[in-house]
Each structure stands twice: as C-alpha cells, then as structure tokens.
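So that the names make sense, note that chain A is the first sequence line, chain B the second, and so on, each numbered from 1.
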Amino acid sequence: MLQPLRETCRRLLQDGTVQVVIGYGQAVRAVEPYPVFITDPDDVGQLVWNEQCRTNLVKYLLRKEIRVLGKPAIVVKGCDERAIVVLEQESQIDRSQIVVIGVACDGMAEPRCEVCDAHQPRFADHTIGHATNVAQPAERRYAALCEFLEQPPSDRMAYWKAELERCVKCYACRQACPLCYCERCIVEKNRPTCLDTSATLKGNFAWHIVRAFHLASRCVGCDQCSRVCPEGIDLRLVNLSMARASEASFGHRSGTDPQAELVLGNYSQQDQEHFIR
Amino acid sequence: MARIGVLTCWCGENIARNVDVQSVAEQAAQLPGVRCSRVHKYMCSDPGQKLIRDTIAAERLDGVVIASCSPHMHLKTFRKAAEHASLNPYLVEMANIREHCSWVHPERSRATAKAVDLIRVAVAKVRHNRALEPIQVPVTRKVLVVGGGVAGIQAALDIADAGVPVVLVEREPSIGGKMAGLSETFPTLDCSQCILTPRMVEVAQHPNITLYTCSDVEQVEGYVGNFQVTIRKRARYIDIDKCTGCGQCWSVCPSKKTPSEFDYGLGARTAIYAPFPQAVPARPVIDRDACLRLTKGRCGVCVKKCQADAIRFEDQDELVREDIGAIIVATGYQLYEIGKPDDRGRIAGYGEYGYGRYPDVISSLQFERLVSASGPTGGEIRRPSDGTVPKTVVFLSCVGSRDNAKGLSYCSKICCMVNAKHTMLYKHKVHDGQAHVFYMDIRAGGKNYDEFVRRAIEQDGAHYHRGRVSKITQEDGRLIVRGVDTLAGEPLTIAADLVVLAAAMRPATGVEELAQKVNVSYDEFGFLCESHPKLRPVETNAAGVFVCGACQGPKDIPESVTQASAAAGKVLMMFSRDRLYREPEIAHVQESACAGCFSCRRGCPYHAIDPAEIRDRQGQLVRRVARVNPGLCMGCGTCVALCLSKSIDLEGFSEQQVYAMVESLR
Amino acid sequence: MTNAASPTPVGEFEPKIVAYVCNWCTYLGADLAGTNRLEYPANVRIIRLPCTGRIDFNLIVKAFEIGADAVLVSGCHPGDCHYTSGNYHARRRWILFRELLATLGIETERVHFAWISAAEGKKFQQVISEITSQTRDLGPYHAYREICEV
C-alpha cells in the first residue's frame with residue numbers, strides 16, 4: 001500500500017499537478033504518525049501508512065499556512081473524506097483545486113472502526129488499495145449511544161457533569177475539527193458574549209452544547225475532537241446523538257452524498273412534529 | 001443608553017384594576033439606565049402622547065419604554081409620538097402589561113410583579129436599541145408583465161392607463177392566450193373574442209406598452225425596484241414593421257399540413273401563418289420546422305408574393321435588456337394531456353378514455369374550437385373523424401382533477417361551468433342532439449353560476465349522471481361510454497358520437513423555470529405561491545414580483561381579471577413614490593467574521609442573501625461572504641439562527657438585545 | 001378545567017417560565033387571550049421575536065442559565081408562517097436540539113414547543129396553564145442551577 005501511495009504522490013508533485021502533499025509521516029519518538037507537508041517529490045519517502053494513521057488530515061486543507069503552499073493533494077481514509085464532501089457543500093473548498101488520495105483502510109483499532117462502513121474511499125481522485133473488511137450494518141453505528149441513553153436523564157447529566165468538569169476550555173476540540181472553520185468562533189464574539197467563556201461547569205456546558213449543535217447534521221464522526229482532548233473527554237456520544245437524529249429524521253448522513261441537501265437551512269413540510277403541541 | 005424614560009399607562013381601569021401602577025412606576029424608576037418614570041391614565045390619548053413628547057424633551061431621553069398595551073396595538077402610535085419629539089422612533093419599545101398581564105392575571109400582587117418584570121425586559125432591550133432610518137430603494141417605474149393572456153392583458157392595460165410603461169412578453173406569436181380560442185363564456189354566453197379582441201388591440205396601440213411576442217424571459221437580475229431583465233425575441237422571420245398583415249404570403253405557402261396550435265390540432269395551418277384572424281400583432285410568423293425554405297433551402301414563394309419586402313429568412317434570435325421595477329407573472333395554464341402519463345409521473349394517464357387514439361374523443365378546449373365561429377368547422381359542430389354532426393355527446397368532468405389515485409388532488413374549478421356551457425352551446429346548435437354529463441359534484445359557486453348550470457339541465461335538457469366513466473371503446477363508428485350512475489346505483493352505458501373530456505388545468509409549461517428566475521416558489525403542482533393566501537394574494541415572497549391568473553391556481557376569467565387588476569393596483573401603489581421605503585429592522589452581515597458557509601442563504605425565505613466577494617487592493621479575491629440585500633430582506637431573522645458564528649444579526653432583535661432581555665429575567 | 005389562576009398558597013414553588021414567541025402568531029394569540037380575559041398563571045415571561053426562525057437554540061440554554069424552570073418556544077402553525085418558512089426551519093432545529101438535550105440529560109420535559117396561532121387565545125391559555133402546573137410538579141430545576149453555580 002505504502003509504495004503505490006508514495007509513487008502516486010511523487011508523480012503528482014513531479015508533474016506539477018499539485019504543489020504540496022498532505023500526508024502521514026513517521027514521528028521520531030511517538031508511535032502515532034504526524035502530519036507531513038511534502039513539497040519536494042524526493043521527500044515522498046517520508047510518507048507512511050500504518051494502523052496508527054488515525055488523524056483526520058482534512059483540517060489542514062483549511063489552514064492558511066498550508067494554502068499558501070499551492071494546490072494540495074491530501075491523503076485520506078474513507079471516513080476522513082466525508083469531511084471534504086461537507087466542506088465543499090459548505091463552500092469552504094473548491095474540490096477541483098484539491099487532489100484527494102484515498103487509501104483503503106481496514107480499521108485503525110478505534111471503536112468507530114468496528115462499526116465503519118467506509119473502508120473504501122468513494123470520492124477520491126486516486127484510490128490506493130482495496131479494503132477487505134466489509135461495511136458494518138447501520139444499526140451497529142449508534143449502539144454505544146443507545147446503551148448510554150438507557151440510563152435515566154439524571155444519570156446522564158451526572159455523567160456529563162463529571163466529564164465536563166474536567167474541560168479546561170483549551171478548544172483543542174475546535175481546533176482539530178475539520179468542520180470548525182469559522183473566521184471568528186462564536187466563543188470569541190463579544191457584544192454580546194453569546195456564551196459564558198469561563199472554564200466553569202456552566203461555561204463548559206454552554207460551550208459543549210454549542211460545539212455539538214454547531215456540528216449537528218454536519219459531524220462526520222472522525223472523532224478528532226475526542227482524540228485531541230488533553231483531558232480525555234469523550235465527545236463521541238453527543239456527536240453520535242446528532243448524527244443519529246439527522247439520519248433518523250432526515251435520512252441524512254453527513255458527507256456521504258455530495259448531492260444531498262444539507263439538513264439545516266433546508267426543510268420539508270413533512271418533518272416530524274410529534275413533540276409540538 | 002442611559003437616559004431611558006418609562007411611561008406606564010393606567011389604561012383607565014384596564015391596567016390599574018389588577019396592576020398597582022404607582023408601585024410599578026416606582027420600581028421601574030430603579031431599573032438600571034432609567035432616568036425617569038411617569039404614569040398617565042391613557043397614554044395613547046392626546047394628553048398622554050403630549051406627556052411622552054414633553055418627557056422626552058425635558059429629560060433629554062435617549063430611549064423610551066411605554067408600559068401599556070400590545071405593541072400590535074400602539075407601537076406605531078408611540079414611535080410616531082417620539083418622532084415628533086425628535087427621538088428616533090426605533091428607540092421606543094413597549095411592555096405589554098395589559099393583554100399579557102392585567103387582563104389575564106387577576107391576582108393584584110402577582111400581576112404587579114409581572115408588570116415590573118415585563119418593563120425590566122423592555123428596558124434591558126431598549127438599552128441596546130439603535131437609531132434606524134427607513135431603507136430607501138430607488139424604483140424604476142416600468143413593469144414587466146409575463147404572459148399575454150386575459151390576465152396579462154388586463155394587468156398591462158391597467159398599469160399603462162395609469163401612465164406607467166409596461167413591457168409585455170408573450171411566448172406565442174400573438175397575445176390573447178387561452179381566452180382568444182374560446183367560443184362563448186359562462187355564465188352570460190357572450191362571445192369570448194368580442195370581449196377580448198378589443199382589449200388586445202388596445203394593448204397593441206397603447207403608447208405605454210411595449211409588446212414582445214415570440215419572446216421569453218431569458219434572465220432576471222437585480223431586486224425589487226431595480227430588476228434587469230433580458231428578453232429573448234425568437235426569430236420570427238418577418239419584419240413586423242414592414243409587414244402589413246395582408247395575408248398574401250400564407251395564401252400561397254405550399255406547406256399546409258402543420259396542425260394548428262390555435263385549433264388544438266383540429267385544423268391545419270401553413271408554415272407562414274397568423275395564428276388566428278384577430279391576432280395581435282396582426283402579423284404572420286414562419287414556423288422554422290415546417291418552412292421548406294428554412295428546412296430544405298427550397299421554395300420562397302412568399303418572398304415573391306410579399307409586396308412589403310417583409311420576409312427575413314436570415315432573422316436571428318435577439319436579446320433585449322429592459323430595466324424594470326416590478327414584475328407581474330401571468331403565464332396562465334394548459335390542459336393536462338389526457339392520454340399520456342405526466343412527465344413527473346404524477347398522473348398515471350387516462351388511456352382508457354382513448355384520447356389520442358379515437359379521433360372523436362376530444363378535450364374541452366378542442367370542443368371550444370368546434371363551436372367557435374372562427375374554428376376549423378366554421379362553428380358547426382362536426383366530429384373530427386367523419387365530419388358528421390354528433391347526435392349524442394358525452395361530457396366528462398374531473399379528468400385528471402380531484403383524483404388522488406391517478407390524477408391531481410385539486411379541483412380545476414372551471415370544468416363544471418365549462419361542461420354546463422358546452423351542453424348549452426351544443427343544444428343551441430344541434431337541436432335534436434342529446435348531451436350527457438358525468439360528474440363527481442357540481443361546483444358552481446359564483447354569481448349566476450348555479451343558475452347557469454340549472455338552465456343547462458332544466459331548459460337545455462342536458463342529462464347529468466353522477467358518477468365516473470371507467471372505459472370508452474369504439475364500436476362501428478360510435479363511442480361506447482361505460483360508466484356508473486351512482487345515484488341510480490347502476491352501471492350506465494351510452495353510445496355516443498362525440499366525447500369531450502374536461503381535463504385538469506395545469507400551470508403552463510416552463511413556469512417553473514420562470515419561477516426560478518424570479519425567485520418565486522411554486523407548489524408541488526407547479527402553481528406559483530402567493531405570499532399569503534388571504535392577505536397578500538397577488539404578492540409573492542420575492543419582493544416586487546406579483547402573480548395573477550391561472551399560474552397561481554385554477555381560476556376562471558372573472559377571477560383572473562380581478563387578480564390581474566389587483567396585481568396592477570399593488571404595482572401602482574409601489575410606484576406611487578419615487579423611492580421604496582422599507583422597514584429598517586433587517587439583517588446585516590458582519591463581513592469580517594463571515595465564514596462564507598452560506599447556510600443563511602439556503603434558509604432565507606426571500607432570497608435576500610447573495611455571495612459577495614472580498615478583494616484586496618490588488619483586486620485578488622480574498623474570500624466570499626454573505627451579503628444581505630436590503631431591498632429584499634423582510635427581517636424574519638431565520639438567517640441569524642442559522643449562522644454558526646453569529647456573523648449575521650437582525651436590527652431590532654439583535655443578539656445583544658435578545659440576550660439582554662433574557663438576562664434581565666435572572 | 002383548572003387553568004384559571006387561583007390564588008396561590010404562600011410558599012408554594014413558583015416556577016419561572018421563559019417563553020420565546022413569534023411576533024405574528026403566538027404573541028397575537030397571547031394578546032387574544034388577554035382581550036378575552038382568559039386567565040392563566042402569571043409565571044410566564046414572554047420574549048417577543050419576529051419569527052420562530054429567529055429563535056436560536058442557544059436561547060433555550062440561556063433561559064436555563066438564568067434560572068428558568070421551563071422554556072416554551074412557540075410560533076405559527078406549519079403553513080401559516082408570516083415569513084412563509086421560518087417555522088419550518090425552526091422545527092428542524094428543534095428536532096435535532098431535543099436529541100442533544102436528551103443525550104446531555106437535560107430534562108426535555110422542561111422544554112416545550114407549540115404552534116399557537118393568532119386565533120388561539122384559548123390554546124395559549126391552556127398551554128401556559130399546563131406548562132406551569134407540570135413544572136410545578138417537576139419542581140425547581142436544581143440540576144441545571146447546580147451547573148450554573150460558580
């Protein structure tokens with residue numbers, strides 16, 4: 001897998017199709033690969049591909065310091081590329097100005113990989129390898145959430161209080177999220193300050209509600225937010241709840257269909273309203 | 001803002017009975033930012049309003065809260081009063097302590113406490129109010145009317161008579177629309193052409209009307225008051241200024257076999273033709289698909305015959321641009337094509353009626369041509385197959401209408417009257433003939449309408465059968481109509497010579513494309529959506545775009561004309577001042593913070609948000625952001641809730657105002 | 001029906017209810033309740049917004065932060081929106097937001113949604129009375145207040 005990946009990248013750089021390749025490189029001390037930005041075809045040897053390539057690199061497409069390097073090619077897994085689809089739907093990228101190199105992935109030994117149905121990239125310009133793992137049935141996707149929701153609300157609240165108590169408001173979850181691209185995040189807005197920016201329980205709830213809801217029907221479930229949290233706060237459950245609601249109510253799975261209408265900002269007269277008096 | 005005045009109203013006993021107004025005023029005086037607190041028995045009265053004005057002046061107030069009734073009742077009154085005292089009217093807010101408090105909470109202590117809270121909320125809001133000026137939009141005083149049927153004609157003439165220039169765009173070679181092809185009209189049986197053609201001539205001769213026939217609306221840019229419309233004038237191959245309409249050309253044209261559109265295929269026409277004798281403009285057009293010269297490069301006898309040298313085979317489509325202030329869409333209807341399944345699969349088709357297979361099964365518009373003096377039979381009712389006079393004619397209602405299983409769910413509204421009219425016209429021409437009508441219900445609401453149907457039944461002896469027809473077959477030159485009479489409870493078979501199907505009314509083809517160009521929404525059937533079904537029946541959600549006639553829903557001539565005049569009235573109202581004044585409580589984008597995701601744009605019900613490009617000094621594109629068109633925004637604030645970074649805000653209900661209101665309830 | 005505001009015994013829990021309503025339907029519905037003198041508990045504080053489309057999800061959170069025991073969001077019935085589709089956009093938002101609240105363990109029985117038209121003064125009275133008595137039964141929203149205690 002690695003060889004064809006490096007070859008593809010070398011060719012793209014060599015013939016000038018792209019000026020930079022965003023990929024995984026081997027860290028010196030850490031086990032986990034780190035992102036590399038290769039501009040010289042002779043450096044493609046830095047690229048690695050292994051079962052530690054968990055990070056979703058799509059965020060780097062938006063970074064100004066990467067954008068100035070020129071037209072990028074990016075290495076993505078089948079799960080990561082969903083973020084590219086959403087970014088295009090939300091007018092953040094021009095897909096024709098990006099070369100997507102999809103690498104087939106049989107899982108990165110993360111919980112989400114057990115329920116993955118995107119082993120094989122679907123929208124990539126170049127696809128490397130063939131996944132052997134089969135797509136998991138849809139009902140497994142939200143099993144963790146369903147289990148969580150079996151608890152009474154008070155227990156759920158207690159769980160989140162314990163989790164969010166630890167949040168230090170470093171906003172790593174935001175910085176790592178490929179879909180958090182606002183010029184000025186709402187937490188930085190003043191006059192009025194929309195939400196309490198203190199790292200108190202109140203402020204933390206306010207932030208995490210906003211974060212989760214701003215990703216409602218948008219989150220592609222790459223789990224980058226949870227992965228980068230220095231306090232190990234697991235945000236997957238809230239993300240899953242939004243994903244499940246948008247799939248159940250609107251048949252929408254973010255980033256799986258470039259032609260699909262986005263959920264918010266559109267509506268149907270047939271939307272459910274059993275909860276409205 | 002720190003010099004806020006709170007003026008609390010007793011409303012006689014209405015507020016004071018359950019609310020301790022004096023105590024409320026004292027507590028209000030303590031609220032942050034409040035400069036003074038006053039009370040009055042009737043704040044809306046002249047002395048009350050004088051108190052407001054005097055207090056504003058004396059205390060140099062920069063914000064006012066009137067605690068009285070509903071803002072729907074008197075906000076305008078009080079804002080005007082403030083304006084008289086030279087305070088910007090948008091610095092006035094109200095606390096509704098009557099409808100929402102004293103009238104519904106009889107317990108005095110609780111009502112008083114709530115009244116203070118409501119004032120607290122209003123004071124918190126008004127501290128963040130900003131002085132606003134009405135938005136002014138310049139207006140081009142020129143109207144585009146799309147569609148030259150009776151509705152478009154009416155609207156165009158009404159507006160042109162008021163002295164405002166009109167551009168009338170008609171797709172066909174002549175104006176007149178469907179009505180020009182009708183024989184006589186219900187409920188008076190007056191001749192359709194006798195009513196319509198003088199109006200058509202008026203259009204042609206009106207100094208304020210520019211008429212484009214054989215033309216389509218190609219593109220619409222801009223917004224209310226300031227549209228730029230591109231019109232495609234399709235090649236007509238005739239110089240209509242030189243042409244005198246003498247008719248020599250079509251009398252010699254050798255290509256004579258094209259089915260006549262005007263006669264719905266019952267007659268034939270030449271390749272160079274005027275659609276009907278009273279066409280406006282009274283000029284021919286060349287059918288490029290039928291003309292031997294244009295298709296095969298041969299012929300050209302018309303050129304030889306034309307004394308005026310008006311034939312232009314080299315004619316090309318032409319694009320014309322017009323600056324327009326308002327648009328009226330009057331594109332009318334077409335009949336559903338009975339035999340075929342509908343393009344979008346909505347209608348399964350009524351193949352069992354044999355329309356298209358049996359020549360003597362015709363549509364109601366075809367029947368109009370058969371009874372029309374200008375029609376292919378010269379007004380004699382002769383059936384298409386063999387030209388004999390039909391002695392038994394069956395009329396079917398609701399072909400495609402009111403049929404959830406295979407047709408359209410709505411009622412086409414005119415067919416009951418059309419059928420009644422047809423039975424009468426038939427009886428008046430074929431005295432020994434018998435008309436039968438199969439109907440579901442007779443819907444004849446309207447002035448003299450039900451009387452008309454009764455006349456068809458009672459005087460002209462039409463046989464009405466309540467029930468539907470399951471199948472029509474052809475046997476020995478007759479049509480066997482098998483149906484059921486549900487009132488008699490038995491099947492009914494009639495051997496007929498002619499069957500007339502009252503097919504459903506549908507919006508004209510292409511209306512959806514046009515709707516998209518002018519940003520008007522349409523329903524699942526393609527009918528254009530009015531802004532409000534009761535209160536804004538001819539307005540649409542695209543400011544400056546109006547609808548009238550059957551493009552908005554099935555309707556008959558009187559209704560279409562009424563609506564057309566209504567639309568004309570609305571346009572003239574809009575044009576009565578040289579600028580449009582719009583409420584300033586609209587959305588604004590803080591472009592430096594906008595990420596350009598355009599979720600606001602997706603959600604805006606008024607298409608008031610467009611992408612704007614931010615460029616640096618070198619002209620390089622930096623990024624795209626959302627921008628609100630103040631000419632279109634109606635101030636609903638849907639965009640604000642959709643904006644993730646809250647880079648868009650709504651004047652009058654800004655984030656700061658709303659959060660301050662909530663916070664004040666802490 | 002027991003929705004008339006009977007004098008409240010001293011010391012009984014008085015819930016604080018924040019209602020976000022649209023200007024054109026529910027606000028007018030509340031006006032009509034007033035015009036018809038339809039009594040209801042005085043616990044509700046109405047915040048008028050142009051349209052349910054304007055009602056951001058964060059306002060619901062904000063209401064709990066300032067100590068509300070229940071929140072009502074109300075606007076025009078489907079098809080009746082003054083701005084044609086603001087309420088449809090709002091409905092979509094609520095469908096998703098309720099799920100988030102549920103996942104976080106925020107008591108969704110304290111968040112109420114209603115379509116109340118300008119003609120439904122009676123319905124406004126009923127809804128407010130029901131919400132008030134339900135919230136009275138639920139008691140103060142201690143759980144969220146604890147979150148907000150610094």
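Neither the backbone nor the side chain of A:Arg67 comes within contact range of chain B; no heavy atoms are under 4.5 Å apart. Neither the backbone nor the side chain of B:Gln657 comes within contact range of chain A, judged by heavy atoms closer than 4.5 Å. Using a 4.5 Å cut-off between heavy atoms, B:Arg623 touches chain A through its side chain atoms alone. Only the backbone of B:Cys594 comes within less than 4.5 Å of a heavy atom in chain A; its side chain stays farther off. Interface remark: B:Ser592 contributes backbone atoms only to the contact with chain A (heavy atom separation under 4.5 Å).
Considering CD of A:Gln92 and CZ of B:Phe598, their distance stands at 8.5 Å, rounded to 0.5 Å. Rounded to the nearest 0.5 angstrom, A:Arg218 CZ and B:Ser599 OG are separated by 8.0 Å.
Between A:Glu90 and B:Leu644, the closest side-chain pair of non-hydrogen atoms is not below 4.5 Å. Counting only heavy atoms from C-beta outward, the side chains of B:Leu642 and A:Leu264 approach each other to under 4.5 Å. Between A:Arg184 and B:Gln590 the shortest side-chain heavy-atom distance falls below 4.5 Å.
Residues B:Arg602 and A:Asn266 approach most closely at CD-ND2, 3.7 Å, considering heavy atoms. Summarising the geometry of B:Gly596 relative to A:Ser91, their closest heavy-atom pair is O-CB, 3.5 Å, with the distance given to 0.1 Å.
With respect to B:Ser645, the side-chain contact (heavy atoms from CB on, under 4.5 Å) criterion is satisfied by exactly one of A:Cys185, A:Cys180, A:Cys182: A:Cys182.
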